[in-house]
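Structure record follows, encoded as structure tokens.
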Amino acid sequence: RPDIGIRILPQGTTSRQWRDPNLILVEPFDFTTTPIWLEFKHKRDYDPFTDKVKHPERPFERAGEDARRTRGQMAKYADAQFSKQHLRWSWGVILCENVARITRWDRSGMLVTEAFDYTKTNFLADVLWKFFHMTPGQRGWDESVSRVDDPGQKDLFYDTIGKVIADDRSRIRGGSPYAYLSMDSDYPVHKVEVKDTQTGTAHQFLIGRPFYVTRGPLGRATRSYVAYGLGGEGVKYLKDSWAVDNPGLLPEGDAFAILN
């Protein structure tokens with residue numbers, strides 16, 4: 001887990017759980033609500049990258065075991081963000097001694113800034129201030145997905161899919177023995193809008209915890225859900241993945257439409 005995870009909560013709510021007498025904040029780290037993380041290292045040797053690239057063949061990655069381990073940590077954090085949130089891209093900050101780098105991951109790789117001395121400039125503070133004044137979409141949130149806070153809709157979701165899972169798993173298309181993971185009430189419920197590419201009709205589904213997740217920060221990021229359709233579709237299997245941008249490849253949804 002990162003050293004610091006910054007959460008953005010709805011107005012009027014708080015995550016603070018104080019422990020007396022030292023007023024230490026006690027709270028489990030939660031990747032489902034963390035849009036940006038910060039990792040601290042006490043030596044420059046842990047800096048995963050080098051800016052002294054004089055020749056094209058010289059790798060941008062810093063050599064050494066400490067730097068390699070830091071790169072691995074950063075990849076794991078990005079993976080956790082992508083697997084537990086609905087993101088188009090994700091953010092992080094790595095601080096090694098007195099220098100920092102800001103990172104931005106998407107499913108094709110990572111962008112990283114040059115190292116800057118955060119003790120001699122306000123750049124990091126300015127970036128964080130601007131980050132928290134962005135809209136969720138600007139921070140990377142997939143705006144076709146919204147978090148469900150209405151207790152009634154949550155109960156509707158869990159009651160409906162719970163009955164289907166308990167009564168007859170075969171009714172869930174693409175049913176899985178791990179479908180019961182969708183009943184995890186510690187995981188947020190989301191409403192996702194799916195547009196039919198054939199008709200242009202938008203369908204809305206409630207989803208909870210995915211029962212299958214492709215791990216790793218890169219690639220198509222396939223996730224499988226037991227979903228409840230708000231338009232009378234009932235309980236369905238919903239697959240979420242990044243489509244391949246290849247004009248010569250038939251989109252998966254179009255292939256299913258032909259088969260059906």
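All figures in this text were calculated on a predicted structure; none of them were measured in a lab.
- Applying ring-ring contact (aromatic ring centres under 6.0 Å, His included) to H190 and the options Y225, W141, F205 leaves one that passes, W141.
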Q: Kindly indicate, with the supporting measurements, whether the criterion side-chain contact (heavy atoms from CB on, under 4.5 Å) is fulfilled by Y46 and I94.
A: CA-CA 10 Å; Y46 287 90; I94 178 72; over 6 Å; no
Could you list the donor-acceptor pairs under 3.5 angstrom formed between side-chain atoms of residues 209-219 and any protein atom two or more places apart in sequence or on another chain?
unit_1, atom_1, unit_2, atom_2, d
R209, NH1, D184, OD2, 3.0
Y212, OH, T214, OG1, 3.4
T214, OG1, T222, O, 3.3
R215, NE, D79, OD1, 3.4
R215, NE, D79, OD2, 3.2
R215, NH2, D79, OD2, 3.0

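- Judged by the 6.0 Å and 45° rule, R107 forms a cation-pi pair with F82.
- Relative to the ring axis of F49, R101 does not place its NZ or CZ within 45° and under 6.0 Å from the centre.
- Judged purely by atom type and a 3.5 angstrom limit, T121 uses its side chain to pair as donor or acceptor with the backbone of F123.
- Qualifying side chain to side chain contact (heavy atoms under 4.5 Å, CB included) partners for N246, counting only residues two or more places apart in sequence or in other chains: V244, L249.
- Residues I258 and L250 meet the side-chain proximity criterion, which asks for heavy atoms closer than 4.5 Å.
- A ring-centre distance under 6.0 Å is not found for H86 and W242.
- Using a distance-only test at 3.5 Å, with no hydrogens or angles considered, a donor-acceptor pair links the side chain of R71 to the main chain of R62.
- Between D30 and T33, the closest side-chain pair of non-hydrogen atoms falls below 4.5 Å.
- For R68 and E61, the salt-bridge test fails: no basic side-chain N is under 4.0 Å from an acidic carboxylate O.
- Heavy-atom neighbours of E114 CD from other residues, nucleotides or ligands within 6.0 Å: at or below the threshold of 12.
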Q: List the steps and the verdict of side chain to side chain donor-acceptor pair (under 3.5 Å) for Q81 and W91.
A: CA-CA 9 Å; Q81 284 177 299; W91 299 87; over 6 Å; no
Q) Could you walk me through whether Q73 and K41 pass the side chain to side chain donor-acceptor pair (under 3.5 Å) check? A) CA-CA 12 Å; Q73 277 185 291; K41 302 297 182 184; 2.5 Å; yes
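- Judged purely by distance below 3.5 Å, without hydrogens or angles, the side chains of S224 and Y237 pair a donor atom with an acceptor atom.
- Side-chain atoms of T70 come within 3.5 Å of backbone N or O of D66 as a donor-acceptor pair.
- The shortest side-chain heavy-atom distance between L230 and L206 falls under the 4.5 Å cut-off.
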Q) When you look at L95 and L124, which way does the side-chain contact (heavy atoms from CB on, under 4.5 Å) test go after all the steps? A) CA-CA 10 Å; L95 303 98; L124 179 58; 3.9 Å; yes
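- For Y228 and F157, the gap between ring centers reaches or exceeds 6.0 Å.
- In this structure, the side chains of L111 and W89 stay at 4.5 Å or more apart for every pair of heavy atoms.
- Taking the side chain as every heavy atom from C-beta outward, T103 and V93 never approach each other to under 4.5 Å.
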(Q) V99 vs F116, test: side-chain contact (heavy atoms from CB on, under 4.5 Å). Steps then yes/no. (A) CA-CA 5 Å; V99 301; F116 59 91; over 6 Å; no
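- Residues F131 and Q138 have side chains not in contact (no heavy-atom distance under 4.5 Å, counting atoms from C-beta outward).
- Taking the side chain as every heavy atom from C-beta outward, L238 and I207 approach each other to under 4.5 Å.
- Using a 4.5 Å cut-off between side-chain heavy atoms of Ile, Leu, Val, Met, Phe, Trp and Tyr, with links allowed through other members, V148 and M183 fall into the same hydrophobic cluster.
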Q | Full working for side chain to side chain donor-acceptor pair (under 3.5 Å) between H203 and E193 | A | CA-CA 6 Å; H203 301 268; E193 183 175 289; over 6 Å; no
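- No side-chain heavy atom of D142 sits under 4.5 Å from any side-chain heavy atom of L87.
- Although no hydrogens or angles enter the test, the distance criterion places a donor-acceptor pair under 3.5 Å between the side chain of R223 and the main chain of S83.
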(Q) Run F60 and D51 through side-chain contact (heavy atoms from CB on, under 4.5 Å) and show every step you take. (A) CA-CA 7 Å; F60 178 54; D51 297 325; 4.1 Å; yes
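- More than 12 heavy atoms of other shown residues, nucleotides or ligands fall within 6.0 angstrom of atom CZ in R220.
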